[in-house]
Participant: 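Got a structure for you, questions after.
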Amino acid sequence: MRAPSLYSTVVCLILWLGGCKEPVINEGILPLTEPATTDENGGTWRTIILRSAADITVPEPAALTSDAYQKELAEIKNGLLGVNPENNAAVNYWAVGGVHRWNQIARLLVAKYNTAPLYNAGTNTFTPSEAGNPFANPPYAARLYALLSVAQYDALVVAWKAKYQYNRPSMVRQGINSLIPALDVPSYPSEDAAVAEVSAQMLTFFFPKEADWIKAKATEHKQSRIWAGANVTSDVKAGEQLAAAVAAKVLVWARTDHFDGAGDAGNTWENAIANAPYDVKWTSLEIPARPPMLPLGGMVKTWYDSTAIAKATPGAPPATTSAAFQKALAEVRTIADSRTREQWRIADFWFDGAGTYTPPGHWNLIAEDLIRQDRQNELRAARSYALMNRAMQDAITACWDTKYKFYVPRPSQMDPAIKTVAGIPNFPSYTADHATFAASATTVLGYLFPSESASLNAQAQEATLSQLYGGIHYRFDNEEGARCGTSVGNVAVDWAAADGAK
Amino acid sequence: MKKQLLYSLCLLMLVAVPALAQMPHDAIYMPKKTICIAGMYGQSSWSQYWEGTLKRENFNIGTHTTRSLSVMPAIGISNRVNVILNLPYVWTSTSAGNLMGQEGFQDASAWLKIKALQYGGFSVNAIVGGSVPVSKYVPDFLPMSIGLQARTATGRLLLNYTHPSTGLYATAHGSYTWRSTIRIDRDAYQANERVYNTHEVSVPNMYDAAVRFGMLRRTWQTEVFAERMAALSGDDIRRNDMPFPTNNMQATQVGWYGKVQPRNIGLNARVAYVTSGRNAGQSTSYTVGVLFQLNVK
């Protein structure tokens, strides 16, 4: 009996000590790569909010021979010797790409603020989970990603124009070995400082409570370029200034794009639903019922040609009494009753519900990978995000317009036995937002990365079917959503083909 | 071989033996070459839960119920070394809302229980155990998921004093449970105020501790207990959000356990009530079981 008792005591002890270490989640390290192109004509690319890069004047920098500049250069050289590990960590973090990093930060903030308002039983009202917090739902997030990448893109076009106008040589050309692989473009103004400043201003517009945290990130980003030996202080200052000017103009757009009214404070939806041209009307499946999300979200100003987008907006769905509808409803029920694990995986993978960065956030993550593989520079990366994110916002605006034209009930309203893989979103069924996002995003990404089009199509198909598998949507919601998303995506592709970037 | 089987069956039917059905958290041992198989049904429900430290209800869930049916053989390797196995089938459901109830075989567990020291009525017992998921249930569909998909390993030290003549006893035990990371269907999730861009999720390790007082007689047992289990790290459920496997789940519960086993067939029952918690439901639970003892000669 001696041996086993000793043995067990040892095992216990090992478990006790070994267990003290929590496993660390390894997300892998993002590679640092030098971008593939310099895009010298970037300053002539078509801007989005600005009429052209010439709208913003970037002052001429001090001459290379000036004392002021030589002093800055000396500071950089001395600074490189004194970079501490903490600075180095910041340098490597931001060297992955400012546009990528700010997109990741935006996704984090969306996920953080993506919680449904609380129900207060006492007053029978709904309030944000914390006072003053926005509800970063999918249309909100789509608009945020679009405005962020539009502001980044316009600021970078301005930066590129000034770079090649003034031609202040990159640090590498002045004999400074920076800590990271830096793109060999003229260093004035700093593209990183421009991205940091414009992103911080845009995100602060959406999340004013995060102002300090965002500002700290932006300060670190700008400073990281000096620590890295990739920019001097006057490069950073100029980038910051031009970005502030661009942000001011983009914020004017943001304040007048009609999104603020999308929440329908006057409850006009109650009238609209009564007059909706559909035989059974949507009701909230929440307990207690709550008003639908953003009833006037279809009125938001579009980025691309509004006439073309209006043409893409879907027509009427089959009436509930039709055989087509009954067949579609029965299909949802059959899947819900016999859902396979693989169907569940697909539904779960693409749902991107509360507490996540939402479906457009998921497509930004997918785009991030493609942009990195393609080794796009900051300007080109911002263009890719801006093309896709504008398409997704316009497509969801068309989708919302359709939802609140017909007020089609969710499958579970028509057949309460249909159980779902996630909470049922509190807005009408037709058309499907997931399918709309997927089709608009992949149409643009397929244009930008033609070699990836097969895998993008497969992803789009899965994302489109996911909500049927989840019990959330009818097949016709998905099909019409995807059709509309593809049309809007094609409008974006037309824009991309003519913006000068090639 | 046939003779042995026949003999066992005879024992099963006719012979009254001391009834000793036992658990991984008591100081009771099956004698050498005896097996006790427990078949148990359990039900646990809550209508209020702790979102972090805030206690709330959720009209879109109503009352949440978990049912389980498990088979639990305890095998006497020797008089001081026992092996206990357990395999539950679990169902979840809600009284309101549209979330799909889940069901399936959950995690198979195995325990090795060793009486390391005995001095009069006092004993020191070392218990090690582990569990592995046995089906591909969805782990991040909380509170509907039937489990977390983590593999676990537990080390437990259990002290017991049983008064030799009356059978009155006191037990105290504490354990540490290591839990593996898990993989979810999604490729990103939010936890610990971050967005992780990976399928892999860390499930916090946990501890548990309990005290039990009761009386153990030849054919029956009665006990009151207080148990506490808590994760050693992890985050809170965010305001008005759903739970997630990274949550720091904690619960303290009190309850009663009883067993009657006049012959080789017996019954047990357990009731428990959660008095406080964090990221957990305030559940009331009960379990009833049939015990079936056989000797293998």
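Chain A is the first sequence line, chain B the second, and so forth, proteins listed ahead of strands; every chain is numbered from 1.
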Participant: With a 4.5 angstrom heavy-atom cut-off, is it the side chain or the backbone of Ala336(A) that approaches chain B, or both, or neither?
Facilitator: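 Interface part for Ala336(A): backbone (N, CA, C, O).
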
Participant: Considering residues, nucleotides and ligands other than Arg151(B), do more than 12 of their heavy atoms fall under 6.0 Å from its CZ?
Facilitator: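 Incorrect, the count does not exceed 12.
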
Participant: Taking all non-hydrogen atoms of both residues, which atom of Arg107(A) and which atom of Val195(B) are closest, and how far apart?
Facilitator: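 Shortest heavy-atom separation between Arg107(A) and Val195(B) comes out as O-CG2, 4.3 Å.
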
Participant: Show, in sequence, the C-alpha distance, side-chain angles and deciding distance for Ile418(A) and Asn98(B), and conclude whether the side chain to side chain contact (heavy atoms under 4.5 Å, CB included) test is met.
Facilitator: CA-CA 7 Å; Ile418(A) 293 172; Asn98(B) 281 285; over 6 Å; no

Participant: Would you compute the distance between atom CZ of Arg341(A) and atom OH of Tyr137(B) and round it to the nearest 0.5 angstrom?
Facilitator: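 Between atom CZ of Arg341(A) and atom OH of Tyr137(B) there are 11.0 Å.
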
Participant: Relative to chain A, which segment of Gln102(B) carries a heavy atom at a distance below 4.5 Å: side chain, backbone, both, or neither?
Facilitator: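 When you check distances to chain A, only side chain atoms of Gln102(B) fall under 4.5 Å.
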
Participant: Quick one: pull up CZ in Arg238(B) and OG1 in Thr115(A) and give me the separation to the nearest 0.5 Å.
Facilitator: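 Result: 5.5 Å between the selected atoms.
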
Participant: So what's closer than 4.5 Å to chain A heavy atoms on Tyr207(B): side chain, backbone, both or neither?
Facilitator: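 Contact with chain A is absent: no heavy atom of Tyr207(B) under 4.5 Å.
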
Participant: Any chance you could measure Asn197(B), atom CG, to Leu108(A), atom CG, to the nearest 0.5 Å?
Facilitator: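 Reported value, rounded in 0.5 Å steps: 10.0 Å.
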
Participant: Heavy-atom pairs under 4.5 Å with chain A are the metric here; pick the option from Asn58(B), Leu99(B), Val201(B) that has the most.
Facilitator: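 Heavy-atom pairs under 4.5 Å are most numerous for Leu99(B).
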
Participant: Where does Ile346(A) contact chain B at under 4.5 Å (heavy atoms): side chain, backbone, both or neither?
Facilitator: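 Ile346(A) has no heavy atom closer than 4.5 Å to chain B.
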
Participant: Report which part of Val124(B) has an atom under 4.5 Å of a heavy atom belonging to chain A: side chain, backbone, both, or neither.
Facilitator: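 Contact with chain A involves no heavy atom of Val124(B) at all.
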
Participant: Hey, are the side chains of Met100(B) and Val421(A) touching, using non-hydrogen atoms and a 4.5 Å cut-off?
Facilitator: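 A side-chain contact under 4.5 Å is absent here.
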
Participant: With a 4.5 angstrom heavy-atom cut-off, could you sort out which part of Asn114(A) is near chain B: side chain, backbone, both or neither?
Facilitator: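 When you check distances to chain B, only backbone atoms of Asn114(A) fall under 4.5 Å.
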
Participant: One thing to verify: whether Asp241(B) and Lys112(A) come together as a salt bridge, which I'm taking to mean a side-chain N less than 4.0 angstrom from a carboxylate O.
Facilitator: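 No, this pair does not count.
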
Participant: Over all heavy atoms of both residues, which pair between Ile287(A) and Ala96(B) is shortest? Give the atoms and the distance, please.
Facilitator: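 Nearest heavy atoms, Ile287(A) then Ala96(B): CD1-CB, 4.0 Å.
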
Participant: Which atoms of Phe351(A) come close to chain B, meaning under 4.5 Å heavy atom to heavy atom: side chain ones, backbone ones, both, or neither?
Facilitator: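 Interface part for Phe351(A): neither.
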
Participant: In terms of heavy-atom contacts, does CD of Gln461(A) have more than 12 from other residues, nucleotides or ligands at under 6.0 Å?
Facilitator: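 Not buried by this count: 12 neighbours or fewer within 6.0 Å.
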
Participant: Below 4.5 Å, heavy-atom pairs only: which of Arg194(B), Met144(B), Gln190(B) has the largest tally toward chain A?
Facilitator: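 Of the options given, most contacts go to Gln190(B).
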
Participant: Is any side-chain heavy atom of Thr356(A) closer than 4.5 Å to a side-chain heavy atom of Arg186(B)?
Facilitator: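 A side-chain contact exists here, since the closest heavy-atom pair is under 4.5 Å.
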
Participant: What part of Tyr196(B) lies closer than 4.5 angstrom to a heavy atom of chain A: side chain, backbone, both or neither?
Facilitator: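 Both parts, backbone and side chain.
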
Participant: Does some side-chain heavy atom of Asp348(A) sit less than 4.5 Å from a side-chain heavy atom of Val138(B)?
Facilitator: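 They are in side-chain contact.
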
Participant: What part of Ala422(A) gets closer than 4.5 Å to chain B, counting heavy atoms only: side chain, backbone, both or neither?
Facilitator: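 The backbone, not the side chain.
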
Participant: Between Asn60(B) and Leu285(A), which heavy-atom pair has the shortest distance, and what is it?
Facilitator: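 Residues Asn60(B) and Leu285(A), closest heavy atoms: OD1-O, 4.1 Å.
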
Participant: Check each atom of Asn125(B) against the heavy atoms of chain A and say whether the ones under 4.5 Å are side chain, backbone, both or neither.
Facilitator: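 Contact with chain A involves no heavy atom of Asn125(B) at all.
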
Participant: Restricting to non-hydrogen atoms, name the atom on Thr420(A) and the atom on Phe141(B) that form the minimum distance, rounded to 0.1 Å.
Facilitator: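 Heavy-atom minimum between the residues: O-CZ, 3.8 Å.
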
Participant: Measuring heavy-atom distances to chain B, does Arg345(A) have an atom under 4.5 Å in its side chain, in its backbone, in both, or in neither?
Facilitator: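 For Arg345(A), backbone and side chain are both near chain B.
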
Participant: Ignoring hydrogens, what is the shortest heavy-atom contact between Asp185(B) and Phe349(A)? Give both atom names and the distance.
Facilitator: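 In this case the closest contact between Asp185(B) and Phe349(A) is O-CD1, 3.0 Å.
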
